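Here's the structure we're looking at; comments come further down.
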Amino acid sequence: MNRQPLIRIGRHVQKDSVEELAIFGGLPLFSEPLHVGAPNVGDRRKILRRIVDILDRNWLTNDGPYVTEFERRIKRITGARHCIATSNGTLGLELAARGLGLKGEVIAPAFTFVATAHALKWQGIQPVFCDIDPKTFTVDPERIEQLITPRTTGILAVHLWGRACDTEALARVASKHGLRLLYDASHAFGCTHLGHPVGQFGDAEVFSFHATKFVNTFEGGAITTNNDELATRLRLMKNFGFTGTDQVDYLGINGKMSEPAAAMGLTSLESMSEFIRHNRRNYEAYQRAIEPIRGIRLVPFPENERNNYQYINLQVDESESGVSRDNLLRILHAENVLARRYFFPGIHNMEPYRSEFGPRPPLLPVTSKAARQSICLPTGKRTSTIQIEQIGALLEFITANALEITRLLQADYHHERPTTRLTELASKRGGAS
Ligand SMILES: *Cc1c(COP(=O)(O)O)cnc(C)c1O
């Protein structure tokens, strides 16, 4: 066996042989778990001061001054004419879908967080899953036309992992067929496309400010649009359809953002450039660490755009790395690197969609491959470049000893344990997306 001689990772952990990997009983590389999507939190004192303000004012929700200011800042950052803050991103998607009059069928990718499709389905709209582009992992505009039927009313595209969709091609298809174009921009706050901030594209864009996202309001979201009439409608719809005291003109819902959420959001926005600096440094550390590793590729961010670098995505090609993505995941989990399979197994393989397809599921070869190869690694303020160098050394060690590791994994079963541990930890933290 041609074994990588010695690996020294961390202050105390040193691995001289594969048996010293935590999955085989060795000491984990990290004593504390490293999470994907660990919250980025801004200046605590400012958050607390704003919370005190809210209590002093006794104005807790319903278009309070912090929500109004938060919406104003989002408009400034995105350049969109309107911003409607919402209680979360999923409800933002539902409001936007409803406000745009989407019904029947809407074309959307399956390689995304399940809320993209659920938001449609919850509104009685059928998502029709379209395959993605292998380079950008966003919906492939060339495959949309063949999915259009007389029932199609729109496209819901996702700027996955902060990389913008091909907005020009999508706009062309939408306009040619008279379809509405909505973007799930949950991952892409603070990012640009062709130099324009995300938030200005299509008929409307929806952000999520969930705790795990780049900028967070604990729970929260926002819809941005340049359409005045749509903005007015959305503003009424998210407040039960009230147009005046005791007067309701629309079917509405409660989709309001609260003042404490906006206080958190405003404070997050003030730290945005610091979050980006940190994430970018981490991304560059990952680039250096992953570059020499055979069969593992870091999905790059476009150099000529502004990115939030919030998602570190690897593609694992087992035929070259010698270790499968899922085995890699188990090994990482045992070492307390709680990497995630974003996005697995693809929404078309989740309920209720899977059962609806019955024996004829849609053929989404690029989506399937991405769901099989993708792995998302920890970053954010809680992850340091030293830890990333250690993760890189670990990955290098794993691929250099892939044959032996795979053989040992096949020989015993205690490699099931780390997945259980992740589930345990994730449910404690309430972090999912
Ligand atoms: C997080 C996320 C959502 C849902 O946003 P919430 O604020 O959690 O409701 C929707 N789509 C994508 C792609 C997401 O990552």
Side-chain angles (χ1 to χ4, degrees), residues 35-40 67 70 74 83-98 106-123 125 127 129-130 132 136-139 155-165 182-191 198-199 201-202 204-224 238 253-258 261-262 264-265 268 299 308-313 340-344 346-348 350 353 367 370-371 374 376 379-380 426 429-433:
H35 292 277
V36 170
N40 288 327
V67 167
F70 184 65
I74 301 285
C83 171
I84 297 102
T86 59
S87 47
N88 60 61
T90 307
L91 205 67
L93 285 170
E94 290 188 47
L95 280 164
R98 206 173 177 107
V106 166
I107 296 166
F111 192 64
T112 168
F113 183 56
V114 70
T116 308
H118 274 3
L120 296 172
K121 192 75 179 169
W122 199 263
Q123 291 297 315
I125 301 160
F129 296 117
C130 181
I132 53 171
T136 62
F137 300 93
T138 57
V139 74
I155 301 165
L156 171 50
V158 183
H159 302 306
L160 201 84
W161 300 328
R163 290 171 193 83
C165 299
L182 176 61
Y183 286 104
D184 179 341
S186 295
H187 297 173
F189 187 71
C191 302
V198 168
F201 296 100
E205 301 215 48
V206 179
F207 295 104
S208 166
F209 300 118
H210 179 251
T212 57
K213 302 302 203 279
F214 169 60
V215 160
N216 90 85
T217 60
F218 304 115
E219 291 271 3
I223 310 167
T224 55
K238 69 122 205 238
I253 196 163
N254 183 356
K256 291 177 286 153
M257 176 179 279
S258 72
M264 180 70 163
S268 298
V299 184
N308 61 25
Y309 304 96
Q310 176 75 359
Y311 298 92
I312 298 292
N313 297 95
R340 302 290 306 268
R341 293 185 290 187
Y342 285 167
F343 284 97
F344 182 83
I347 306 181
H348 60 307
M350 292 172 161
Y353 315 101
T367 298
S374 295
C376 191
T379 185
R429 284 178 57 249
S433 46

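Computed from a predicted model, the values in this text were never measured in an experiment. Read the numbers this way: they start at 1 and go in the same order the structure lists the ligands and their atoms.
Using a 4.0 angstrom heavy-atom cutoff, G220 counts as in contact with ligand 1.
Residue H210 places no N or O, backbone or side chain, under 3.5 Å from any N or O of ligand 1. Taking any N or O of S186, backbone or side chain, at least one lies under 3.5 Å from an N or O belonging to ligand 1. Not one N or O of A115 is nearer than 3.5 Å to an N or O of ligand 1, by distance alone.
For an aromatic pair to be called close, the ring centres must be under 6.0 Å apart, and H348 with F111 fails this. Taking the six-membered ring for Trp and the full ring otherwise, F137 and Y311 have centroids separated by 6.0 Å or more.
Ligand 1 places these atoms under 4.0 Å from at least one heavy atom of K213: 1 (C), 2 (C), 14 (C), 15 (O). Those atoms of ligand 1 with a heavy atom of S208 less than 4.0 angstrom away are 1 (C), 5 (O), 6 (P), 7 (O), 8 (O). Each of the atoms 11 (N), 13 (C) of ligand 1 lies under 4.0 Å from some heavy atom of T116. Interface of F113 with ligand 1, defined as ligand atoms under 4.0 Å from a residue heavy atom, comprises 2 (C), 3 (C), 12 (C), 13 (C), 14 (C), 15 (O). Which parts of ligand 1 touch H187 is read off a 4.0 Å heavy-atom cut-off, strictly below it: atoms 13 (C), 14 (C), 15 (O). Those atoms of ligand 1 that come under 4.0 Å of a heavy atom in T90, given as number and element, are 4 (C), 5 (O), 6 (P), 9 (O). Near T112, with a cut-off below 4.0 Å to any heavy atom, the atoms of ligand 1 are 13 (C).
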Could you go through S186 and F113, starting from their C-alpha distance and side-chain angles, then the distance that decides it, and tell me whether this counts as side chain to side chain contact (heavy atoms under 4.5 Å, CB included)?
CA-CA 10 Å; S186 295; F113 183 56; over 6 Å; no
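Using bins of under 30°, 30° to 60° and over 60° for the plane-to-plane angle, the ring pair F189/F207 lands in the perpendicular bin.
Under the 4.5 Å side-chain criterion, counting only non-hydrogen atoms from C-beta, R163 is in contact with V299.
Taking each of D184, T86, L93 in turn, the one with a heavy atom nearest to atom 11 (N) of ligand 1 proves to be D184.
Here the OG1 atom belonging to T138 is positioned 10.5 Å from the CH2 atom belonging to W161, to the nearest 0.5 angstrom.
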